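This report refers to the structure that appears directly beneath it.
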Amino acid sequence: MTSEELATYDAFMTQRRAKILERLGEAARTAGRSASEVCVLAVSKTVGVEEVASAWRAGYRTFGENRPQELRRKAEGIAAIPQMSDARLDMIGNLQTNKINQVIGTAHLIHSVSSMHLAEAISKRAVARNAVARVLLEVNVSGEASKSGFSPQQAREALEPVLGLDGLDLQGVMTMAPAHDPGAARAAFSGLRELRDTLRADSGLPLDVLSCGMSDDFGIAVEEGSTLVRLGRIVFDPAYPLDV
Ligand SMILES: *Cc1c(COP(=O)(O)O)cnc(C)c1O
């Protein structure tokens, strides 16, 4: 970007962030919650490091990527900008076992532990590197065939074995809601919260992180208890229709 384009993008980023926080605040108030309980993760998968730096200047501190290689590329870009040392980068997408090494030590939190097989593989790699990987279980609450993740029942069954794995720090659960169906999205978010409450009771652990809500439905997610919304288009895309 030219310096002029960058200034325009910075101004867009700041205005857009104010609108997002306003909407988030409304949703939190509706639910009798505080907006400060909700982390806004900016999903940077479609933009470059320049746009990420612009988002950082606007106030975002948590970013998310869905591909290991792009996660590494963004991590290197961010590391080259000393002021951004407080930026955090999460892995939010499908993770193949042969890519785990690219993510451990780079991702602050892995949202997408979608099977027992993957949990075991992450554990093994983390132990080999003397690291602890913070993770969420990805749960397919809506039951759509196209979505990956544990069913709620499988998540309950996986809890004990997952907690028995070294090198993993289980912090909560994540889901992707059905698109273009606010009622179904709400049901998925409340189902995720109920599952978390069950897992919490079963384990005695806080399991504080409820990662749910994207550009189209984050208000609903916050009303239903989300503590971390993953926002891509609404943060970075000036063409995203904010007022529909
Ligand atoms: C892309 C992506 C998002 C962000 O989606 P938007 O609709 O652009 O907000 C959130 N979560 C995951 C896992 C994604 O891959």
Side-chain angles (χ1 to χ4, degrees), residues 9 12-13 16-17 19-24 27 38-48 51-52 54-55 58 60-75 88-96 99-100 102-103 106-115 118 122 134-142 144 146-150 155 171-182 184-186 188-189 191-192 209-244:
Y9 197 74
F12 152 73
M13 195 50 77
R16 181 54 70 85
R17 179 171 157 87
K19 288 188 185 166
I20 291 169
L21 294 183
E22 191 182 310
R23 189 176 285 188
L24 193 151
V38 185
C39 172
V40 178
L41 177 152
V43 179
S44 48
K45 66 190 181 193
T46 61
V47 299
E51 286 86 352
V52 172
S54 175
Y60 297 96
R61 290 295 178 268
T62 303
F63 299 90
E65 288 289 335
N66 67 342
R67 293 177 183 207
Q69 205 170 335
E70 188 61 20
L71 181 94
R72 290 302 288 259
R73 196 173 83 82
K74 292 287 181 10
R88 143 186 166 187
L89 202 48
D90 285 5
M91 177 64 191
I92 63 171
N94 239 357
L95 184 55
Q96 287 168 346
K99 302 280 172 63
I100 292 169
Q102 298 191 30
V103 170
T106 302
H108 175 89
L109 176 67
I110 302 172
H111 294 231
S112 41
V113 178
S114 53
S115 69
L118 182 57
I122 295 172
R134 297 184 199 87
V135 298
L136 307 179
L137 297 185
E138 178 172 356
V139 185
N140 182 1
V141 180
S142 63
E144 288 170 285
S146 60
K147 292 200 154 65
S148 49
F150 295 90
Q171 303 215 324
V173 284
M174 175 272 217
T175 202
M176 310 264 290
H180 315 299
D181 185 342
R186 188 179 293 280
F189 300 143
L192 186 73
V209 182
L210 278 179
S211 168
C212 61
M214 316 201 315
S215 293
D216 290 339
D217 55 24
F218 74 96
I220 301 171
V222 169
E223 288 174 17
E224 295 299 331
S226 173
T227 67
L228 190 159
V229 293
R230 307 180 309 267
L231 307 184
R233 291 166 298 149
I234 198 170
V235 169
F236 289 103
D237 184 0
Y240 181 85
L242 194 57
D243 295 312
V244 292

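Remember, it's 1-based here, ligands and their atoms both numbered in the order they're listed. The structure displayed is predicted, hence computed values, not measured ones. The basis for the numbers below is simple: all heavy atoms, side chains too, and nothing from hydrogens, waters or symmetry mates.
Sorted by first and then second residue, the salt bridge (Lys or Arg N to Asp or Glu O under 4.0 Å) pairs with a member in residues 60-69 read Arg61-Asp86, Glu65-Lys74; sequence neighbours excluded. Listed by first and then second residue, the salt bridge (Lys or Arg N to Asp or Glu O under 4.0 Å) pairs that reach into residues 218-228 are Arg186-Glu223, Arg186-Glu224, Arg193-Glu224, sequence neighbours excluded.
A distance of 8.0 Å separates CG of Leu41 from CZ of Arg230, quoted to the nearest 0.5 Å.
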Return a table of N or O atom pairs, ligand 1 on one side and protein on the other, at distances under 3.5 Å, rounded to 0.1 Å.
from: ligand 1; atom 1: 7 (O); to: Arg233; atom 2: NE; distance (Å): 3.2
from: ligand 1; atom 1: 7 (O); to: Arg233; atom 2: NH2; distance (Å): 2.8
from: ligand 1; atom 1: 8 (O); to: Arg233; atom 2: N; distance (Å): 2.9
from: ligand 1; atom 1: 8 (O); to: Arg233; atom 2: NE; distance (Å): 3.1
from: ligand 1; atom 1: 9 (O); to: Ser215; atom 2: N; distance (Å): 2.9
from: ligand 1; atom 1: 9 (O); to: Ser215; atom 2: OG; distance (Å): 2.5
from: ligand 1; atom 1: 9 (O); to: Gly232; atom 2: N; distance (Å): 2.8
from: ligand 1; atom 1: 11 (N); to: Arg230; atom 2: NE; distance (Å): 2.9
from: ligand 1; atom 1: 15 (O); to: Lys45; atom 2: NZ; distance (Å): 2.8

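For the pair Leu242 and Arg16, the minimum side-chain heavy-atom distance is below 4.5 Å. Between Val52 and Val47 the shortest side-chain heavy-atom distance falls below 4.5 Å.
With sequence neighbours left out, the salt bridge (Lys or Arg N to Asp or Glu O under 4.0 Å) criterion links Asp217 to no other residue.
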